[in-house]
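A note on names: the letters A, B, ... follow the listed sequences, proteins ahead of strands, and every chain is numbered from 1. Just so it is clear, the values below take in all heavy atoms, side chains as well, and ignore hydrogens, waters and symmetry mates.
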Protein chains: 2
Amino acid sequence: MQIDDTDRRILRQMMAEPGLPSAELAERAGVTPATCWRRIEKLREGGVIRGEEALIDWHALGWAVEVSLRFTLDKTNPRAFDEFTAAAREVPEVIEIQSFLGSTDMRLQVIARDMAHYQEIYRNRILTLPHIAELDALMLISTIKSSAELPI
Amino acid sequence: MQIDDTDRRILRQMMAEPGLPSAELAERAGVTPATCWRRIEKLREGGVIRGEEALIDWHALGWAVEVSLRFTLDKTNPRAFDEFTAAAREVPEVIEIQSFLGSTDMRLQVIARDMAHYQEIYRNRILTLPHIAELDALMLISTIKSSAELPI
DNA sequence: ATTGAAACTGCAACATT
DNA sequence: AATGTTGCAGTTTCAAT
């Protein structure tokens with residue numbers, strides 16, 4: 001999609017301070033509220049803004065364990081990717097799925113209430129995913145979203 | 001923080017359909033708008049809802065390259081973690097920073113306009129980060145957020 | 001780009017359970 | 001102590017100009 005400097009200012013502002021009142025967002029981007037609104041509408045239609053998201057702190061909710069799992073799949077089956085992804089989507093504790101080019105094929109981010117709970121998910125929901133050839137796990141300590149000056 | 005079923009329904013609804021008008025959110029959660037608002041207020045205060053975020057599709061914006069980088073740090077220096085993290089935060093193209101327990105210490109998610117741009121970032125901003133002992137990179141093909149029935 | 005009308009939101013006051 | 005009701009000023013959305 002085609003983007004100009006005005007769009008860029010709006011996007012940068014939206015990322016820097018999400019939830020800013022739209023009048024103020026418009027002012028900071030240097031446009032009138034109506035223009036700002038129409039621009040955002042087009043950015044949505046164009047797929048640049050895919051939606052909004054409520055940021056949930058799983059730790060504050062009592063989900064103490066977060067794990068990043070890397071998978072190599074058995075690529076002798078050409079449908080391995082699709083079937084693995086479809087199965088992973090069915091596991092509610094899987095909160096992110098990424099696919100890669102290279103030796104590692106997939107990465108899943110998984111949350112659990114505690115270690116016992118994680119063990120259960122791991123054994124019954126993760127190890128049972130189809131087409132796994134190899135897998136290694138990393139316990140997450142913390143996630144930081146870089147909010148420094150954004151590259152657009 | 002203490003959460004009851006009403007909070008859970010509100011949170012689930014907020015995650016399932018972010019940006020839903022507040023009156024409708026309340027209705028679907030089975031509470032009146034005022035109650036819904038008060039609950040959300042408390043969830044914010046309690047740190048369970050950390051904020052909202054606009055989901056930007058970097059690919060649609062012309063940022064074609066996304067890479068996941070895993071680092072092992074030189075732990076002979078006890079400040080390796082802090083210094084690495086602080087330096088990584090200064091790189092605008094780094095959009096996520098995670099730290100782990102185990103052999104892999106950190107993971108960075110990096111975006112770039114194209115391969116040439118990525119090369120430049122990689123050489124000048126990534127390899128220059130302090131205390132790197134080892135590092136491997138994975139080219140991202142796609143990210144899927146699991147939106148299946150949420151585990152709360 | 002500006003105006004303006006209709007709808008919606010955030011928040012408060014007060015009564016209710 | 002938490003909930004529901006009502007109310008309203010301010011904001012947002014969106015069409016007409």
| Does B/T32 place a side-chain N or O at less than 4.0 Å from the phosphate oxygens OP1/OP2 of D/dG4? | yes
| query | Over how many whole Å does the gap from B/E45 atom CD to D/dA2 atom P extend? | reply | 12 Å
| query | Taking CD from A/E24 and P from D/dT12, how many angstroms apart are they, rounded to a whole number? | reply | 10 Å
| task | Report the distance from atom CD of B/E52 to atom P of C/dT9, rounded to the nearest whole Å. | result | 13 Å
| query | Nearest-Å distance, CG (B/D7) to C1' (D/dA2)? | reply | 12 Å
| Can you tell me how far P of D/dT3 sits from NZ of B/K42, to the nearest Å? | 7 Å
| task | Give one of base, sugar-phosphate or nothing for A/A34, where a contact means two heavy atoms less than 4.0 Å apart. | result | base
| message | Taking the basic N atoms (NZ, or NE/NH1/NH2) and the acidic carboxylate oxygens, is any pair closer than 4.0 Å for B/E93 and B/R113? | response | no
| request: Decide, yes or no, whether a salt bridge links A/E96 with A/R107 under the criterion of side-chain N to carboxylate O below 4.0 Å. | output: yes
| query | Whole-Å distance between D/dA2 P and B/I40 CD1? | reply | 17 Å
| task | Using a strict cut-off of less than 4.0 Å between a Lys/Arg side-chain nitrogen and an Asp/Glu carboxylate oxygen, indicate whether B/K42 and B/D7 qualify as a salt bridge. | result | no
| Nucleotide nearest B/T35 when distance is taken to its side chain, options D/dG4, D/dA2, D/dT12 | D/dG4
| task | Assess whether one donor atom and one acceptor atom, taken from the side chain of B/R38 and the base of C/dG10, lie less than 3.5 Å apart. | result | no
| request: Could you check how far CZ of A/R39 sits from P of D/dC14, rounded to whole Å? | output: 18 Å
| request: Check the distance between C/dT9's P and B/L20's CG and give it to me in whole angstrom. | output: 9 Å
| message | For a quick test of reading the model: is some side-chain N or O of B/S22 closer than 4.0 Å to OP1 or OP2 of C/dG10? | response | yes
| message | With a 4.5 Å cut-off on side-chain heavy-atom distances among I, L, V, M, F, W and Y, is there a chain of contacts connecting B/F100 to A/W63? | response | no
| query | Taking it one step at a time, do B/R123 and B/Q119 satisfy side-chain hydrogen bond (donor to acceptor under 3.5 Å, both in side chains)? | reply | CA-CA 6 Å; B/R123 290 188 194 167; B/Q119 280 288 343; 3.3 Å; yes
| query | Under 4.0 Å between a side-chain N or O of A/W37 and OP1 or OP2 of D/dC14? | reply | yes
